[in-house]
Amino acid sequence: MEPKIAEKAWDPKLENAILKKWEEEKLYDFQLCDNNYTIDTPPPYPSGRPWHIGAASHYAQIDMIARTARMSGKNVYFPIGIDRNGLPVELYTEKKHGIRMRETERGKFLELCKNALDDLEAEMIQIMKSLGLSGDFKNYYRTDSEDYRKFTQETFIDLWKKGAIYLATRPNNYDWVSGTTIADAEIVYEEIPTKLVYMKFITKETKKQIIIASTRPELLCACKTVIVNPNDERYSDLIGKELIVPLTNNEVKITPHHSAKIEFGSGAVMVCSYGDQNDVALFRELQLVEVIAIGLDGRMTEVAGEYQGLKPKQARTKIIEDLENSNLVEKIEDISHRTPLSERSKTPIEIVPMEEYYLKQKDSLEKMKKLGEEIEFYPNMHKQILMNWLESISIDWPISRRRFYGTEIPIWHCNECSEPFVPESGKYYRPWKDKCPAEKCAKCGNTEFTGEERTFDTWMDSSVSPLFVTKFNRDEEFFKKTYPTAIRPQAKDIVRTWLYYTLLRCEKLTGEKPWSEAWIMGYGLDEKGMKMSKSKGNAIDPLPVIEKSGADTFRFWSASEINQGYDFRCSEQKIESTRKFLSKLWNVSRFLSSFPIIKSGQLSESDKWILSELNKLISVCKEGYSKYNFFIPSTAIREFTWNIFAAQYIEIAKARAYGIGFTDEERDGAIFTLHKVLSTILKLLAPITPFITEHLWQTLYSQDSIHKENLPDIENVDDMSEMTQLLSEFNSKVWNEKKQKELSLKDSIKIDVPETLSQFKKDLIAMHNLESN
RNA sequence: GGGCUCGUAGUCUAGCUCGGUUAUGACGUCGCCUUUACAUGGCGAAGAUCCGGUGUUCAAAUCACCGCGGGCCCA
């Protein structure tokens with residue numbers, strides 16, 4: 001008989017045609033129903049080339065979630081979005097064009113960013129499509145579109161009206177030469193020679209002298225406490241006592257803190273607002289009241305007393321002189337200090353408190369913990385990342401950024417009295433260029449306003465993704481039927497940011513949790529287990545890998561190699577070798593395609609045995625799918641298909657399927673069972689490898705798509721799994737003996753079928769051409 | 001520097017909750033075999049101080065403690 005499948009191997013190039021067909025048939029288009037299953041898809045950020053192979057793997061698995069739900073009878077809503085706000089594209093654009101953001105006209109700079117994003121995005125969409133994502137590409141959204149930004153602004157205006165937003169000062173990295181705050185990503189560190197000054201402090205009560213070393217003596221006026229390591233015996237009796245600060249004569253407490261290093265300087269460290277980032281953390285943690293010692297002009301303020309107006313470096317020289325004259329210096333060491341510099345001006349940055357917008361979150365923490373408890377995490381262990389984070393939040397969320405490429409904060413300020421004006425929602429506002437919609441200030445009646453130039457933290461945009469895709473405030477029926485969404489799939493590294501902020505924002509806006517399940521994936525590492533980065537040169541570009549091996553190979557690798565929630569290593573060689581399994585599946589199908597499809601037959605004991613094994617497989621797969629753990633079905637299916645179905649059953653049933661020495665009914669039993677098993681395998685595998693299963697399904701079994709099928713159900717059959725090992729041992733024994741005796745597999749041999757396998761005797765004799773006994 | 005988290009052959013993984021088998025299976029490697037749907041295959045072999053140390057126990061991959069290493073987040 002001629003096999004229906006003629007080609008000798010699965011050709012990944014067929015995937016393109018299948019993709020096209022799915023698109024033509026609108027197979028994955030979403031129509032609102034009642035049993036909607038909404039995925040809060042992470043919108044990927046096009047930050048540069050190449051896209052991360054770990055991310056490609058991540059999206060392949062998110063698609064498996066969608067397909068699993070679809071094959072479980074759900075009406076799947078799988079939105080596709082692109083996240084386009086934020087710092088990375090600004091840095092990319094600066095580098096690409098050799099320009100500086102703040103030295104470029106804002107409108108012009110935004111245009112350049114937009115073009116860069118369009119470019120990077122096109123490639124990303126291309127990869128997502130060729131991976132076989134069954135998403136709603138037709139309606140894909142961008143977080144920098146007018147619609148999305150308008151929506152982000154609406155949610156801000158809403159929260160502003162509810163009183164959830166306020167202004168407060170917080171320390172910022174400040175480059176006084178460029179006159180701007182800078183992001184952490186724009187800081188470079190350099191070893192710079194400086195003086196470590198050992199100053200004499202005095203305890204208030206006992207007048208005992210304590211030596212404190214610092215590279216920033218000019219900040220004595222902003223010193224608020226002195227910390228010592230709790231294990232440092234030199235100071236154990238002084239903890240909690242007051243110290244007199246030299247020159248200023250201020251009084252400060254000695255506080256124990258683990259960040260004080262016993263071996264550095266004298267072991268006692270002065271904490272000032274703000275010498276470095278550690279000071280910032282300590283002020284926050286110890287709830288100290290900050291003093292502004294350095295102003296926006298980069299000079300000492302009035303709290304510095306006689307040093308007011310000097311630059312920090314000049315003030316330092318002067319203070320050291322004065323301290324020495326008053327005999328308050330024990331010694332001075334020349335050291336090399338790792339100093340944070342502004343990447344652009346190469347001057348040391350100062351940390352200066354500035355006014356920023358805050359969203360209240362401390363008052364929601366208990367509520368967040370409760371929601372966190374209610375949400376099912378896959379794997380459960382990663383719920384801990386959220387819970388630990390909720391325990392450690394100590395300040396409200398600063399939501400304003402002094403950047404260009406982001407959603408503008410919709411506020412104008414009165415030029416006369418600074419009263420803020422927040423417009424009505426419903427429009428996309430750009431206060432840096434738009435005229436204030438208000439005629440005059442509500443407070444003082446002045447008619448001149450200045451638009452806010454700042455943008456939102458990007459998490460302000462991305463944290464409303466579940467509300468945007470469910471059309472919150474825009475389509476009530478749609479929202480009601482899709483929110484709360486079913487699942488948030490995302491990476492482990494942004495649980496504290498994206499997952500947490502989404503929980504916070506959605507609860508504040510809707511009073512409900514955004515999803516009932518969260519699926520957390522690990523991180524893609526290189527072959528040696530190191531993080532991939534462009535600078536290290538160990539990054540793997542996913543596109544050529546997918547083009548070469550095919551999406552299904554890539555997807556099966558992802559499923560069978562990645563343990564749920566754990567970090568994983570990416571190796572091209574390993575991805576390529578996964579293809580062998582698809583070849584095996586192809587060949588099994590090609591062989592079976594030479595037999596007709598029949599509805600029933602007389603089942604032999606061997607048929608009943610493989611159907612019982614198949615039943616076990618269905619049960620394992622469905623268990624794995626229900627936990628969105630694709631490692632379980634993929635490895636189980638490979639094991640079953642290769643080692644049980646192909647290696648044992650097909651060999652056992654082959655002679656009977658050919659009908660030689662068997663009745664037609666017996667023959668039909670074999671043919672029926674062969675197809676029953678293969679069609680079940682295809683359905684079980686369809687969420688993981690949608691292309692090859694579709695091709696084989698449509699070639700063999702149906703005109704219609706396999707992706708409209710449901711996952712197979714468990715059937716009520718007797719468990720015969722104890723036979724599996726006996727059968728495979730007996731078959732191996734026969735094959736080995738023939739090999740030893742240099743017989744062909746067709747040759748006859750005299751081996752008795754053991755009593756335990758007597759029920760399979762007829763099949764086994766025919767299979768091995770055993771001399772009848 | 002701090003917090004969290006993980007650690008079983010080159011790689012992925014079962015076993016760990018509840019201590020007792022020769023530590024499971026697969027990929028890769030090596031050797032042999034044109035053999036029947038499939039050499040994109042078959043058969044076989046080697047490969048693990050279960051991260052290290054200490055403790056508990058008759059007995060530890062498994063329990064406890066202390067380290068070391070990777071990763072992530074924060075600084």
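Proteins get letters first, then strands, A, B, ... in listed order; numbering begins at 1 in each.
Here Lys580(A) reaches the OP1 or OP2 of G41(B): one of its side-chain N or O atoms lies under 4.0 Å away. Taking only side-chain nitrogens and oxygens, Trp557(A) never comes nearer than 4.0 Å to OP1 or OP2 of G28(B).
Between C12(B) and U17(B), the two C1' atoms lie 23 Å apart (nearest whole Å). When the P atom is used for both G70(B) and G25(B), the distance is 32 Å, rounded to whole Å. As rounded to the nearest Å, A59(B) and G7(B) have C1' atoms that lie 25 Å from one another.
In this structure, Arg505(A) fails the cation-pi test against Trp459(A), since its NZ or CZ atom is not both closer than 6.0 Å to the six-membered ring centre and inside 45 degrees of the ring normal.
A residue-by-residue look at Arg590(A) and Leu582(A) shows that Arg590(A) has its nearest nucleotide of RNA chain B further toward the 5' end.
Remark: P of G2(B) and CD of Glu391(A) are 21 Å apart, rounded to the nearest angstrom.
Taking a cutoff of 4.0 Å between a charged side-chain nitrogen and a carboxylate oxygen, Lys627(A) and Glu623(A) qualify as a salt bridge.
The main-chain N or O of Pro42(A) is found under 3.5 Å from a side-chain atom of Tyr59(A) such that the two form a donor-acceptor pair.
Looking only at side-chain heavy atoms (C-beta outward), Ile5(A) and Leu696(A) come within less than 4.5 Å of each other.
Taking only distance into account, the side chain of Lys584(A) meets the base of C38(B) through a donor-acceptor pair shorter than 3.5 Å.
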